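Please read all numbers here as calculations on a predicted model, not as lab measurements.
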Amino acid sequence: MKHTPTIRAELDRYLQQEGLNFARFGQISGMNRGAVSAIVSGNKPISINQLDQITEAMGLPEGHFYDLFIENFIIDHPPNMRRIEPFLYRCVELDKLDTIRKVVGVIMDNLLYSSKLFEIAEDLFAQGQHEAALILYENVAEVEKYQHSERLALCQYRIFTLQIGDDQNQNVGVTAVFEAFVERLDEIDQLDALKDLANVYRSLRKWDKVDEMAKKMRAKAEIQYSMKHQANRKFQEQEKKTKGPLFGYIAYADLLCASVCEAQGDYKQALQYTYAYANLDWVKETDEDALRWVNLFKNWAEGNTYVYKLLSGEVSALPDYVDYICTSPDKSEKEMVAKLMNIVMAANQYQIDVDDVLLQFEENINSFAQLPASNDMYTQQVVPDQYARFGYELAYYFLNRGMHSDGFKYLIYATKSSNTLNNVTCFKNCLGLFVHFQAYAIPEIQAEFYNFIEKVWLNNVKKNGSIDRCN
């Protein structure tokens, strides 16, 4: 039988080796003599704070005894959350994720502890400790997978939020798993979940799913909005709050449906949805935040009205759209990219000369490649896709107009971005555009492009476990 060492034995050996008595070690470690004696004799369990004091006094690195702590005080012991909870938080501080997995794996056989671990996961999530929180959510979800509980659904929502990333192929799977749990969330969380799903599907260009999520969100939001204004004041004070105003989910659903029609080339119907979220006279709220959101939707509607007219071939809408961009209060980079991309798309589609417009916004175009950081699903998913597409549209415009230096610069950016996102459609378009214009690429550009494509190939070989027979 394998003998498991103990922290007590390690401490006792150290005291004998260094010739220290309990009182002296207590002075070094900041513990009283009685506590040291009780720990060595086994008459007192060790707290995580005491373990850290002992470790530091012995001159060992932080967390040195954590695996032994699990062996000595958690495995084969009734789970004691008063001991385990501070231990988990300390592991988070030291970024000991494997230790967290080990602890959770030991105690999760008992459903009684899933509630407490979920609370800890929620706290870590709120603190931004996402990797550690994800471990707890995944374990709680696994042990409760047959419970059909709201907590299980909320775990899956958090897992979805934390696992969505740059790889669009991976996002397809993550999104499909979570979608099955949406209806188990409470009515308010469902609105945010559907909004997030719609934005991920939007980045994946799965327009049928965007349309489905948007219409579900709209129907549910209308019910909640009606209930809110029919309920008494006590109900309103007790109700769970959405991340944004309730009416905003109704308006945003129309905006999403407009984007679906845009992708399908149905600009007439896109305009009808746009007129719908432009007219929010039915909104009953009159507070400052509500008015701010109403004005935001009106502003977006004004801009998108010009866009859909422009994309449908009304070139005369271009000056008005440019004026709108110049006077719009939102000059954030992500908004400027979206607006300028609309202009370049229309220019490419209808062979419009927009050199003067691009020169006017040259500073924005030159700096657009820096993605904004955000926890918002739209900014995480839709914006990176827009940046890659904007790079492609710029490359297409410049290359077709003989401005090869600028064209290849943006083409290489778009190629790399679409590869990072695993956006196969954009990546293929970039490859085709390069092949079409490669005769105009200087040797340095050709070398950079081909080196990158070779790197993509080699990474794919490694990732998929294929045999690389190249020397």
Side-chain angles (χ1 to χ4, degrees), residues 166-169 171 202-207 259 262-265 307 310-313 315 318 333-334 336-359 361-362 364-371 381-461:
D166 292 335
D167 188 331
Q168 290 193 337
N169 279 349
N171 291 348
R202 189 176 175 186
S203 74
L204 296 170
R205 308 189 71 74
K206 291 183 174 291
W207 299 111
S259 71
E262 175 193 346
Q264 296 170 341
V307 169
L310 190 58
L311 292 176
S312 64
V315 180
L318 180 59
E333 191 170 284
K334 66 179 182 179
M336 293 300 292
V337 165
K339 292 167 182 174
L340 293 174
M341 182 174 68
N342 292 324
I343 291 176
V344 183
M345 286 174 60
N348 290 336
Q349 187 172 347
Y350 297 106
Q351 293 78 51
I352 308 171
D353 185 335
V354 292
D355 288 355
D356 290 344
V357 177
L358 298 182
L359 184 62
F361 296 102
E362 184 177 19
N364 301 98
I365 294 172
N366 288 338
S367 64
F368 87 91
Q370 298 299 318
L371 288 172
Q381 295 300 309
V382 178
V383 172
D385 178 65
Q386 286 182 337
Y387 277 39
R389 289 169 53 213
F390 184 41
Y392 171 78
E393 295 291 343
L394 283 172
Y396 187 98
Y397 179 84
F398 285 128
L399 289 173
N400 277 283
R401 291 187 165 266
M403 292 177 272
H404 300 126
S405 178
D406 286 335
F408 284 117
K409 177 179 72 174
Y410 291 114
L411 181 55
I412 288 175
Y413 166 79
T415 305
K416 292 180 178 179
S417 297
S418 58
N419 176 66
T420 299
L421 296 170
N422 219 333
N423 186 330
V424 177
T425 300
C426 188
F427 188 71
K428 288 180 178 179
N429 286 339
C430 290
L431 293 181
L433 190 60
F434 183 85
V435 169
H436 190 73
F437 286 96
Q438 64 180 324
Y440 300 96
I442 62 175
E444 290 80 4
I445 291 295
Q446 290 196 21
E448 181 179 359
F449 191 85
Y450 288 130
N451 287 339
F452 175 72
I453 297 303
E454 183 178 30
K455 181 180 178 181
V456 170
W457 169 61
L458 290 174
N459 286 341
N460 192 57
V461 166

Approximate separation, where rounding is to 0.5 Å, of L340 CG and E333 CD: 10.5 Å
Rounded distance (nearest 0.5 Å) linking atom CG of D385 with atom CZ of R205: 6.0 Å
Contact check, side chains of N400 and Q351, non-hydrogen atoms, under 4.5 Å: no
Separation of E393 CD from Y397 OH (nearest 0.5 Å): 12.5 Å
Distance-minimising heavy-atom pair for M341 and Q386: SD-O, 3.6 Å
Distance-minimising heavy-atom pair for L311 and N342: CD2-O, 4.1 Å
More than 12 heavy atoms from other groups under 6.0 Å of NZ on K206: no
Of I445, L431, N429, L399, the residue whose pairing with L411 passes side chain to side chain contact (heavy atoms under 4.5 Å, CB included): L399
Where A441 and Q446 come nearest, the two heavy atoms and their spacing: O-NE2, 3.2 Å
Trace of the side chain to side chain contact (heavy atoms under 4.5 Å, CB included) decision for L421 with F427: CA-CA 9 Å; L421 296 170; F427 188 71; over 6 Å; no
CG (D356) with more than 12 external heavy atoms under 6.0 Å: no
Nearest non-hydrogen partners of S203 and Q168, listed with the distance: O-NE2, 3.0 Å
Residue pair D406, L394: steps toward the side chain to side chain contact (heavy atoms under 4.5 Å, CB included) verdict: CA-CA 8 Å; D406 286 335; L394 283 172; over 6 Å; no
Nearest non-hydrogen partners of L310 and Y350, listed with the distance: O-CE1, 3.7 Å
Spatial distance of atom OG (S405) from atom OH (Y410) [nearest 0.5 Å]: 10.0 Å
Parallel, tilted or perpendicular: rings of F408 and F434 (30°, 60°): perpendicular
Validation row: R401, V354 side chains within 4.5 angstrom (heavy atoms): no
Interatomic spacing from OG1 in T415 to CG in N423 - rounded to 0.5 Å: 11.5 Å
Considering all heavy atoms, the nearest A388-S418 contact: CB-N, 4.2 Å
Residue pair N422, V424: steps toward the side chain to side chain contact (heavy atoms under 4.5 Å, CB included) verdict: CA-CA 6 Å; N422 219 333; V424 177; 4.2 Å; yes
Y450 side, atom OH; Q438 side, atom CD - distance, nearest 0.5 Å: 3.5 Å
Trace of the side chain to side chain contact (heavy atoms under 4.5 Å, CB included) decision for I442 with H404: CA-CA 9 Å; I442 62 175; H404 300 126; over 6 Å; no
